[in-house]
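Right, one structure below, let's go through it.
Note that ligands are numbered from 1 as they come in the structure, with each ligand's atoms numbered from 1 the same way.
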Amino acid sequence: MSAKQRAKETRDRPIGVFDSGIGGITVLKALRKALPHEDLVYLGDTARLPYGTKSAETVTAYATQATKHLLGHEVKMVVIACNTASAVALGPLKEALAPIPVIGVIEPGAKAGVKATKTGRIGVIATEATVKGGAYARAIHAAMPEAQVAQAPCGLFVTLAEEGWTKGEVAEAAAKRYLAPLFKGRAAPDTLVLGCTHFPVLAGTIRKIVGKGVKLVDSAATTAKAVEEALSRQNLATARKGKGKTRFLATDSTERFARVGGIFFGEAIRAKDVELVDIKPD
Ligand code: DGL
């Protein structure tokens with residue numbers, strides 16, 4: 001094969017997208033929209049969810065196994081569509097997957113927050129592991145040193161999202177308990193970063209609690225933009241014009257993945273189109 005043919009073959013490979021569960025489908029949806037011609041392979045490590053309550057070492061080990069599994073699908077790039085894995089493991093994942101480029105969601109999410117705020121007061125809600133690691137505060141301060149960042153872990157939102165309980169009294173009670181302290185007083189944030197890919201499906205409920213004046217931002221669209229730029233910069237974008245394929249892989253119940261994943265994707269996913277995979281090392 002000539003070097004030119006090899007380069008074309010690489011450009012036509014799929015992009016791998018990974019999350020602990022189905023939350024990353026919010027990013028997948030944005031990628032599908034921004035990059036209609038690219039093939040996408042989504043892996044949800046549903047057997048080991050949640051990542052957000054686990055230690056940095058465990059999350060790094062799980063995420064490394066999951067993303068290495070994607071290499072078996074000959075991906076040309078990997079998107080870590082999980083804030084927790086991006087927050088604690090982006091460096092090790094880049095190292096483990098080199099020379100395949102790896103893109104996380106924290107920096108795009110932080111930049112979206114900085115762009116949206118008028119007062120410089122930015123709230124971040126995320127999993128416990130993401131908040132503890134402080135990656136959002138660092139990324140926001142890198143872009144806006146004077147920003148005031150208030151963070152709150154909202155782990156129960158992950159369970160509510162995976163359960164499909166995105167509206168109603170249970171979701172609202174959880175949102176009130178988590179968010180009311182953050183939005184008390186005059187120094188309340190004017191922007192709230194949804195720092196977990198599971199949270200955008202709860203946006204309606206969150207909005208009810210924080211009020212109309214607060215801007216809600218998530219990293220889905222900004223991550224898709226970052227991927228688009230990286231593909232073009234590294235000459236990795238496909239030149240094909242047809243509709244790209246989307247493939248789903250899960251480490252546990254394909255039926256559940258399809259049922260709840262459809263809510264995140266905004267269109268039905270059939271269980272028979274989800275492949276059950278084992279990603280644990282031998
Ligand atoms: N979706 C993941 C994130 O963006 C977290 C879910 C989990 O706790 O596994 O942080």
message: Between I269 and R259, is there a side-chain heavy-atom distance shorter than 4.5 Å?
response: no
statement: Closest non-hydrogen contact found for T222 with G109 is OG1-N, 4.2 Å
- prompt: Of all the heavy atoms in G23, does at least one lie under 4.0 Å from an atom in ligand 1?
  reply: no
message: Quick check on contacts: which atoms of ligand 1 are under 4.0 angstrom from a heavy atom of P50?
response: 7 (C), 8 (O), 9 (O)
Nearest heavy-atom neighbours spanning A150 and L182: CB-CD1, 3.8 Å
- request: Of the side chain and backbone of N83, name the one, both, or neither that has a heavy atom under 4.0 Å from an atom of ligand 1.
  value: both
query: Looking at atom 6 (C) of ligand 1, what's its closest protein heavy atom, distance included?
result: S20 OG, 3.4 Å
message: Regarding E172 and R177, does a basic nitrogen lie under 4.0 Å from an acidic carboxylate oxygen?
response: no
message: Assess whether a salt bridge exists between D39 and R240, defined as any Lys/Arg side-chain N lying under 4.0 Å from an Asp/Glu carboxylate O.
response: yes
field: Nearest-contact summary for atom 8 (O) of ligand 1 - protein heavy atom, Å
entry: G52 N, 2.8 Å
- prompt: Does the side chain of D19 come within less than 4.5 Å of Y42's, by heavy atoms?
  reply: yes
message: Quick check: D19 and ligand 1, any N/O pair under 3.5 Å apart?
response: yes
field: Ligand-residue contact atoms, ligand 1 with T127, heavy atoms, under 4.0 Å
entry: 5 (C), 8 (O), 10 (O)
- prompt: If you measure from each heavy atom of C82 to ligand 1, is any distance below 4.0 Å?
  reply: yes
task: Would you check, one step at a time, whether the test side-chain contact (heavy atoms from CB on, under 4.5 Å) holds for S219 with K111?
output: CA-CA 9 Å; S219 45; K111 282 188 180 154; over 6 Å; no
- prompt: Taking distance alone, with no angle check, do H198 and ligand 1 share an N/O pair under 3.5 Å?
  reply: yes
- request: Decide if the gap between the ring center of F18 and the ring center of Y62 is smaller than 6.0 angstrom.
  value: no
message: Minimum distance, heavy atoms only, to atom 5 (C) of ligand 1: which one of C196, G44, A85 is it?
response: C196
statement: the protein heavy atom lying closest to atom 10 (O) of ligand 1 turns out to be T84 OG1, 2.7 Å
- line: Any heavy atom of L49 under 4.0 Å from ligand 1? The part involved is side chain
query: Purely on distance, is any nitrogen or oxygen of Y51 under 3.5 Å from one on ligand 1?
result: yes
message: Can you tell me which residue among F157, F183, F199 is in a ring-ring contact (aromatic ring centres under 6.0 Å, His included) with Y178?
response: F157
